[in-house]
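What follows is a set of notes on a single structure, which appears directly below.
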Amino acid sequence: MIQNLTASGGTDISLTLSFGINEISRYKTHQTINQIFLFSDGNPTSGEDNWIQIRQNVAEKTRDNIRLSTFAFGADASKVELNRLAGITGGQHTFIREPKEMRISLQRSLDRRSHLAAMNVQMQIEIDPDISILHLYGHDIITDPVSRVAVERDVERTGKEAEKGFGVKPAADIVTQGNGIRIFVPNLAIGETYWVVFELTVPKQREY
């Protein structure tokens, strides 16, 4: 089937990922690797071309144990945007220089499933009110009530699936608490690190 495909038309990254996520959602279980691989130069030429909106679209559809990894091709590839996109789900980003790099990265992603160490990871971060948060890299603030309810529902469902599929009882939920910034972190495997990076403005007169 792959050999019979013919490339044509534009590059609609948002729509393509939406179709891929929907297809995986039809069959995903805890016994399967729920993984999407995006091979692209990261330059959308049709459909949604705003990368913030593209990330929001992907984040809304991949909260339920779906991982996205990106492979950037070409000297003009949008490596930064593709890296941010993969980071939403804790996926891996690779800039392809030689074909063997793609094979190694693909195998690493496939092997990861048997080394999961943490699921349903939640973070609560409190920052002094006098400090302004200019940007939280890799994350978009959710203020819409409907979207917030969807996130809370995903957190509850993921906890139940972790208990049913792996026999692990989740800790107390902090995403729904009212203090600080709550972040829902992708599942982590042994040896992986997930960075949370803020850009802050600190008043000159204050010492911290």
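The shortest non-hydrogen separation linking Lys79 to His93 is O-NE2, 3.5 Å. Closest heavy-atom contact between Gln35 and Ile24: O-CD1, 3.3 Å. A pairwise comparison of heavy atoms in Gly47 and Asp12 identifies CA-OD2, 3.3 Å as the closest pair. For the residue pair Ala77 and Ala72, the shortest heavy atom distance occurs at CB-CB, 4.0 Å. Annotation for Ile13 and Ser40: closest pair CD1-OG, 4.0 Å, computed over non-hydrogen atoms. The heavy-atom pair separating Asp76 from Asn43 by the smallest distance is O-ND2, 3.4 Å.
For Glu126, the side chain to side chain donor-acceptor pair (under 3.5 Å) criterion is met by no residue, not counting sequence neighbours. Considering only residues two or more places apart in sequence or on other chains, Thr94 meets the side chain to side chain donor-acceptor pair (under 3.5 Å) condition with Ser105. Not counting sequence neighbours, the partners of Phe39 by the ring-ring contact (aromatic ring centres under 6.0 Å, His included) test are Phe71. For Asn4, the side chain to side chain contact (heavy atoms under 4.5 Å, CB included) test picks out no residue, with sequence neighbours left out. Arg26 is linked by a salt bridge (charged side-chain N to carboxylate O under 4.0 Å, His left out) to Glu23, counting only residues two or more places apart in sequence or in another chain.
From Thr16, atom OG1 reaches atom CD1 of Ile21 across 10.5 Å, with rounding to the nearest 0.5 Å. The CG atom of Leu17 lies 6.0 Å from the CG atom of Leu68; values are rounded to the nearest 0.5 Å. Rounding to the nearest 0.5 angstrom, the gap separating the CD1 atom in Ile36 from the CZ atom in Phe19 is 12.5 Å. Rounded to the nearest 0.5 angstrom, Asp41 CG and Ser78 OG are separated by 7.0 Å.
Identified under the side-chain hydrogen bond (donor to acceptor under 3.5 Å, both in side chains) test for residues 45-54, with sequence neighbours left out: Gln53-Asn57.
Residues Val80 and Val58 fall into different hydrophobic clusters, defined by Ile, Leu, Val, Met, Phe, Trp and Tyr side chains chained together at heavy-atom separations under 4.5 Å. Residues Ile96 and Phe37 fall within the same hydrophobic cluster, defined by Ile, Leu, Val, Met, Phe, Trp and Tyr side chains chained together at heavy-atom separations under 4.5 Å. A chain of hydrophobic side-chain contacts below 4.5 Å, direct or via other Ile, Leu, Val, Met, Phe, Trp or Tyr residues, connects Ile127 to Met123. Cluster membership for Leu82 and Phe95, using ILVMFWY side-chain heavy atoms within less than 4.5 angstrom, is not shared.
Proximity of a side-chain donor or acceptor of Ser18 to a complementary backbone N or O of Ser14 within less than 3.5 Å is not detected.
Under the 4.5 Å side-chain criterion, counting only non-hydrogen atoms from C-beta, Leu134 is not in contact with Leu200.
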Margin query: Between Glu81 and Leu85, is the side-chain contact (heavy atoms from CB on, under 4.5 Å) condition met? List the steps.
Written below: CA-CA 6 Å; Glu81 297 295 355; Leu85 185 63; over 6 Å; no

